[in-house]
Amino acid sequence: VARFPLEPGATIGVLGGGQLGRMLALAAARLGFDVAILSPEPDACAARVAARAIVADYDDPDALEALSRIAEVVTFEFENVPAKVVARLQGLGVEVAPGPRALAVAQDRVDEKTFLRGCRVPTVDFVAVSKPRDVVAAIDKLGAPALLKTRREGYDGKGQTWIECHADAEAAFARIGGVPAIVEARADFVRELSVIAARGRGGDIRTYPLGENHHEGGVLRRTSAPAAVIAAVTAEAETIAARILTQLDYVGVIGVELFELRGGRLLVNEFAPRVHNSGHWTLDGCEVDQFEQHIRAVAGWPLGPTAPLAHVEMENLLGDDVLRWEALAQEEEARVWLYGKGEARPGRKMGHVNRLRPLDRN
Ligand code: AMP
């Protein structure tokens with residue numbers, strides 16, 4: 001059984017081998033921890049900077065057994081880890097953070113929104129649907145256009161389709177594959193914001209300044225932070241994050257995606273039970289970045305300060321964007337982060353760049 005705070009030299013397990021795992025491993029190394037990556041991918045970009053790597057499916061019993069022998073605590077870098085994997089690790093006596101409830105709630109859009117409303121966090125109106133007729137009824141209730149999303153396993157705008165009119169309801173259901181889904185009323189937002197927050201093992205909470213996010217084709221393209229928002233919006237976002245973290249008895253970093261409505265009211269779109277792409281600006285813009293913060297939280301260390309040191313424009317390098325590395329490296333204000341991925345497939349997250357300027361003081 002793990003004893004907290006974990007001592008330097010301990011091993012932290014991470015399920016998932018992508019760029020988030022890579023940046024977690026780098027942050028952990030700085031604090032003297034070893035990271036063991038479990039990923040089905042043979043040459044995962046996280047594994048190449050980690051002390052240990054296990055290449056196996058997430059539900060491979062031998063792999064989980066091996067991980068439980070070396071890791072004091074296990075966390076994850078993507079949220080579609082099967083819930084039974086977490087249960088299995090816990091059965092082997094391993095501490096998993098954030099816990100299974102956070103993972104389960106975040107894996108299902110209906111459960112997620114139901115949970116949010118249960119903790120007095122506003123969301124768009126929604127209806128759960130499982131057959132074409134339900135979708136028609138949902139449009140009657142919510143109006144069109146509305147957004148149909150699969151309940152599970154959607155990310156970066158995948159598994160989603162707009163329903164433009166009542167007559168399109170049944171065809172839309174076929175477009176997403178006829179699987180259990182959610183119909184969401186269209187949020188009439190003026191901006192998309194996000195708040196990255198962390199909760200430690202003692203229940204302490206720290207929140208980062210908000211980021212303003214710009215998506216293209218459902219994928220995050222840029223984050224500008226700290227976002228220019230009025231104090232009431234920051235306060236509301238902090239309240240929302242704190243409610244979610246507390247209700248889930250959460251340990252670690254969370255990313256909460258927000259819609260800002262006219263007048264400053266916020267709705268939660270969704271939350272990710274992990275470090276988040278819209279928090280990459282903290283790597284160069286804050287005293288303690290989101291990756292170190294997550295490692296601190298799961299290791300039972302005190303959380304670090306989240307104060308901003310600079311204003312950051314974070315730009316994702318998608319696909320061929322990464323070929324610009326040489327020019328980016330010459331930009332004086334640009335901090336370049338490359339993920340060491342081999343193939344620059346279109347839309348693939350290959351790296352990001354943080355462009356710094358002095359904080360606006362007013
Ligand atoms: P998601 O996969 O839920 O993060 O959605 C991807 C993007 O689709 C969001 O960042 C928004 O730009 C847009 N979106 C999602 N849900 C809604 C909604 N209910 N109304 C309007 N736009 C939405």
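One-based numbering, in listed order, for ligands and for the atoms of each. The model shown is predicted, which means the values in this text are computed figures rather than measured ones.
With no hydrogens or angles considered, a side-chain donor-acceptor pair links Ser224 and Glu313 at under 3.5 Å. Checked by atom type, the side-chain pair His214/Glu212 shows a donor-acceptor distance below 3.5 Å. No side-chain N or O of Ser194 forms a donor-acceptor pair with one of His276 less than 3.5 Å apart. Trp337 and Asp284 share a donor-acceptor pair across their side chains, judged by distance under 3.5 Å alone.
Only the side chain of Asn269 comes within contact range of ligand 1, with a heavy atom under 4.0 Å; no backbone atom does. The proximity of Trp162 to ligand 1, defined as any non-hydrogen pair under 4.0 Å, is limited to the side chain.
Set against the non-hydrogen atoms of Ala185, the atoms of ligand 1 under 4.0 Å away are 18 (C), 19 (N), 20 (N). Remark: ligand 1 atoms within the under-4.0 Å shell around heavy atoms of Arg109 are 2 (O), 3 (O). The contact set between ligand 1 and Glu257, taken as ligand atoms under 4.0 Å from a residue heavy atom, comprises 4 (O).
The shortest N/O to N/O separation between Glu184 and ligand 1 falls below 3.5 Å. An N or O contact shorter than 3.5 Å links Ala187 to ligand 1 by distance. Note: no N/O pair closer than 3.5 Å links Leu147 and ligand 1 by distance alone. Checked by distance only, ligand 1 and Glu192 come closer than 3.5 Å through their nitrogen or oxygen atoms.
Using bins of under 30°, 30° to 60° and over 60° for the plane-to-plane angle, the ring pair Phe115/Phe271 lands in the perpendicular bin.
With hydrogens and angles ignored, the 3.5 Å screen pairs no side-chain donor or acceptor of Ser68 with any backbone N or O of Leu89.
Val353 and Trp325 fall within a single hydrophobic cluster, where Ile, Leu, Val, Met, Phe, Trp and Tyr side chains are chained together by heavy-atom contacts under 4.5 Å.
Judged by the shortest distance from any of its heavy atoms, Ala146 lies outside the 4.0 Å radius around the atoms of ligand 1.
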